[in-house]
Amino acid sequence: MSTATSKADNFIEEIIVEDLENGKHDGRIHTRFPPEPNGYLHIGHAKAIVINFETAKKYGGKTNLRMDDTNPSTEETLFVDNIQNDIRWLGYEWEGETRYASDYFDELYALALKLIDKGYAYVDESSAADIEKQKGDIGVPGTNSPFRDRSPEENRDLFERMRAGEFPDGSRVLRAKIDMAHPNLLLRDPVLYRIKHEAHHRTGGKWCIYPLYDFAHGQSDSIEEITHSLCSLEFRHHRDLYNWLIEALEIFPSRQIEFARMNVDYFITSKRKLKLLVDEGIVTGWDDPRMSTLAGLRRKGYPAEAIRNFCMDTGVTRRDNQQSLDLLEFKVREVLNRDAHRYMAVLDPVKLVITNYPEGQSEMLESENNPEDERAGTRQLPFSRELYVERSDFRKEPQNRKYYRLAPDKDVRLKSAYVIHCDGHEEDADGNVTQINCTYYPDSKSGDDTSGVKVKGTLHWVNAETAVDLDVRMYEPLFTDPTPMDHEDRDFMEFVNPNSLVSIRAKGEPALAEAQVGQQFQFLRQGYFTVDPDSTEGHPVFNLTVGLKSSWKG
RNA sequence: AGACCCAUGGUGUAAUUGGCAACACAACAGAUUUUGGUUCUGUCGUUCAAGGUUCGAGUCCUUGUGGGUCUACCA
């Protein structure tokens, strides 16, 4: 069990340790994850989720889940369920019920009134365009709105009438009265409330005015008495406003701390861009295994544990970072190597005949399910005269002494079966190999090998007669460039990888026909594969999760 | 242009807060292996620049340089 004395692993934890030592908030640590329910969670959200939940957990704190649903135009209940599913799948359970910023609309409204009464906010009738002009520019001071100096009484009256629905959309806003010359543009009298005669997914038609992010997020933090409000770097400028409002409103002083977002090679995390991929039909949906969404990664077979490990091991800092896909895939293999059962499937089959194995004869051979885990047990494999092996495991001419696979006059081991000797092959008019002919050493049976034949290579295979057809989806990154968004001169769509999905028909050992959706396997010598939801009874569809590492440069 | 943030091997993150720059991934070499997987061993290579403070600087100061963020009635 972690205690308050746990060593700080990053700058956020340093702050927490210091707060704990100073007895701040009576040693209470409370974080929150505040998604906007208008889209799917992706790998970048995973980082934020992991940071918030793990940090709190480490110091004995709690984490809330709060839907930041202050904009009625964009949010939908549908997304709420998906978000909750994804967070639970990742392995986290939040404190209490799911919170909603919209649950605080009454309190927020009262807070706005308080701000008005204290002379810190005013109702502005300037048009959106005028307000933009009043903002000034970077390095250029803004100008005061002509409505800036109304009395608190007049402002209160106007604001109450805004709420009552007396004014049309866009005709008035509530603005904080701060400083139109402030170097931080966000403090040049930011808009706090806008009029939107629109129904909200939770509050229905109760409201026609809605707070903006800056007057909802921080206040929600305070209402929930969040001690450490962790967010990404682009909110740095908002912190000044966040703190200004805490002081002006005299509410619970949550502390906002920003960390750098995580970027991952070959992944994009822009909500808009992801939607474009879906809308343009580049992918089949938000849960397409090529997507950076948690739904996509899950469907591809990335274990939650691997994603968690990845997020934790990449650390927490304030500098821009670009994580390599290599590390993510390493984390995925690390978990799957431990857990996935090994099966044999031939992705690009070519027939292999063992000419000295009696026709009509067959036998069952035993094979271990996972050499990393004895408890995984063993299974029986049918073996007979005709098999399928991988086309790429045969060469018409032996390459060099570093080549361990099939070629004329070469010996190889068939995994869990016999050592065979390659005698030759047959081919069609175009030179395509149609059959490989071999002889086997009857005394080389796996586990009982007295043949004395030494081989360097071991191949996977399936018994031709009993093999089942497998639909397999081979994936590559969705983009040909690790950072498709980083080209000023080229659109990211230009980098869509035409080979990101290649569907093939493979031959698998019989037991694979029974594979259940979500089950994960290692196809020996190939990679890790996960059964896709598109599977039907007896006809599994497999997704390539990640290939095995290979040190062979053939 | 103004304000703010950031700068350590190819990538990412450490460095007992001023005391021998390390860990992971990647790459490369070897050992083991009935998966060219796993495991094990080794190699490679790092403090943005220039000044300053100090016995001593990745760490502190100054000035540069480079990168990022900010002018939505989005979050």
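No experiment lies behind these values; they were computed from the predicted model shown. Each chain gets a letter, A, B and so on, in the order the sequences are listed, and its residues count up from 1.
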Any side-chain N or O of [X] below 4.0 angstrom from OP1/OP2 of [N]?
X: Ser324(A); N: A26(B); result: no
X: Thr70(A); N: A75(B); result: yes
X: Thr317(A); N: C6(B); result: no
X: Arg319(A); N: U8(B); result: yes
X: Arg194(A); N: A75(B); result: yes

Hey, is Tyr213(A) stacking on A75(B)? Ring centres under 5.5 Å, planes under 30°.
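Per 5.5 Å and 30° rule: no stacking.
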Check the chi torsion on U34(B) and let me know: syn if it falls within 90° of 0, anti if not.
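Judged by the O4'-C1' to base torsion, U34(B) sits in anti, the angle falling more than 90° away from 0.
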Look at the side chain of His237(A) against the base of U69(B) and say whether a donor-acceptor pair falls under 3.5 Å; ignore hydrogens and angles.
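Between U69(B) and His237(A), which were checked side chain against base, a qualifying N/O pair under 3.5 Å is present.
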Test salt bridge (Lys or Arg N to Asp or Glu O under 4.0 Å) applied to Arg338(A) and Glu305(A), step by step
CA-CA 12 Å; Arg338(A) 184 193 67 201; Glu305(A) 180 184 355; 2.7 Å; yes
Just call it for [X]: base, sugar-phosphate, or nothing, with non-hydrogen atoms closer than 4.0 Å on any strand.
X: Pro35(A); value: nothing
X: Gly457(A); value: nothing
X: Gln522(A); value: base
X: Arg318(A); value: sugar-phosphate
X: Tyr210(A); value: nothing
X: Asn321(A); value: sugar-phosphate
X: Lys196(A); value: sugar-phosphate
X: Asp68(A); value: sugar-phosphate

Measure the distance from [atom1] on [X] to [atom2] on [N] and round it to the nearest whole Å.
X: Leu459(A); N: G36(B); atom1: CG; atom2: P; value: 8 Å
X: Leu325(A); N: A27(B); atom1: CG; atom2: P; value: 12 Å
X: Met312(A); N: A14(B); atom1: CE; atom2: P; value: 15 Å
X: Asn184(A); N: U71(B); atom1: CG; atom2: C1'; value: 10 Å
X: Leu212(A); N: A75(B); atom1: CG; atom2: C1'; value: 9 Å
X: Asp240(A); N: U69(B); atom1: CG; atom2: P; value: 18 Å
X: His217(A); N: A75(B); atom1: NE2; atom2: C1'; value: 9 Å
X: Asn370(A); N: G37(B); atom1: CG; atom2: C1'; value: 11 Å

Report the relative orientation of the aromatic rings in [X] and [Y]; use parallel for angles under 30°, tilted for 30 to 60°, perpendicular for over 60°.
X: His238(A); Y: Tyr213(A); result: perpendicular
X: Phe529(A); Y: Phe523(A); result: parallel
X: Trp286(A); Y: Tyr40(A); result: parallel

Extract all donor-acceptor atom pairs below 3.5 Å that involve side chains of residues 134-142 of chain A and protein atoms in other chains or at least two apart in sequence.
{"residue": "Gln134(A)", "atom": "OE1", "partner": "Arg175(A)", "partner atom": "NH2", "Å": "2.3"}
{"residue": "Gln134(A)", "atom": "NE2", "partner": "Ser126(A)", "partner atom": "OG", "Å": "3.1"}

side-chain contact (heavy atoms from CB on, under 4.5 Å) involving Asn337(A) - partner list, sequence neighbours excluded:
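Partners of Asn337(A) under the side-chain contact (heavy atoms from CB on, under 4.5 Å) test: Arg342(A), Glu372(A), Tyr528(A).
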Taking the [atom1] atom in each of [N] and [M], what is the distance between them to the nearest angstrom?
N: C48(B); M: A14(B); atom1: P; result: 15 Å
N: U59(B); M: G36(B); atom1: C1'; result: 45 Å
N: U38(B); M: U33(B); atom1: C1'; result: 9 Å
N: U41(B); M: A57(B); atom1: P; result: 35 Å
N: U8(B); M: U46(B); atom1: C1'; result: 6 Å
N: C73(B); M: A3(B); atom1: P; result: 24 Å
N: C20(B); M: G58(B); atom1: C1'; result: 14 Å
N: G9(B); M: A15(B); atom1: C1'; result: 15 Å

Take Asp448(A) and Lys445(A) through the salt bridge (Lys or Arg N to Asp or Glu O under 4.0 Å) test and state the conclusion after the steps.
CA-CA 5 Å; Asp448(A) 189 21; Lys445(A) 187 169 169 176; over 6 Å; no
Heavy-atom protein contacts under 4.0 Å, nucleotides 38-48 of chain B, coded B base, S sugar-phosphate only, - none:
S----------
Return yes if a side-chain donor-acceptor contact under 3.5 Å exists between Asp221(A) and Ser229(A), otherwise no.
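There is such a pair (donor and acceptor under 3.5 Å, judged by atom type) between the side chains of Asp221(A) and Ser229(A).
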Which heavy atom of Val123(A) sits nearest a heavy atom of Phe159(A), and at what distance?
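Closest heavy-atom pair between Val123(A) and Phe159(A): CG2-N, 3.8 Å.
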Hey, what do you get for CZ (Arg319(A)) to CG (Asn321(A)), rounding to the nearest 0.5 Å?
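Rounded to the nearest 0.5 Å, the CZ-CG separation comes to 9.0 Å.
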Provide the Watson-Crick or G-U wobble partner of [N], both distances under 3.5 Å; none if there is no partner.
N: U53(B); result: none
N: C4(B); result: G68(B)
N: C20(B); result: none
N: C28(B); result: G42(B)

With nearest nucleotide decided by heavy atoms, which residue, Leu186(A) or Gly315(A), maps closer to the 5′ end of RNA chain B?
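Its nucleotide being nearer the 5' end, the pick is Gly315(A).
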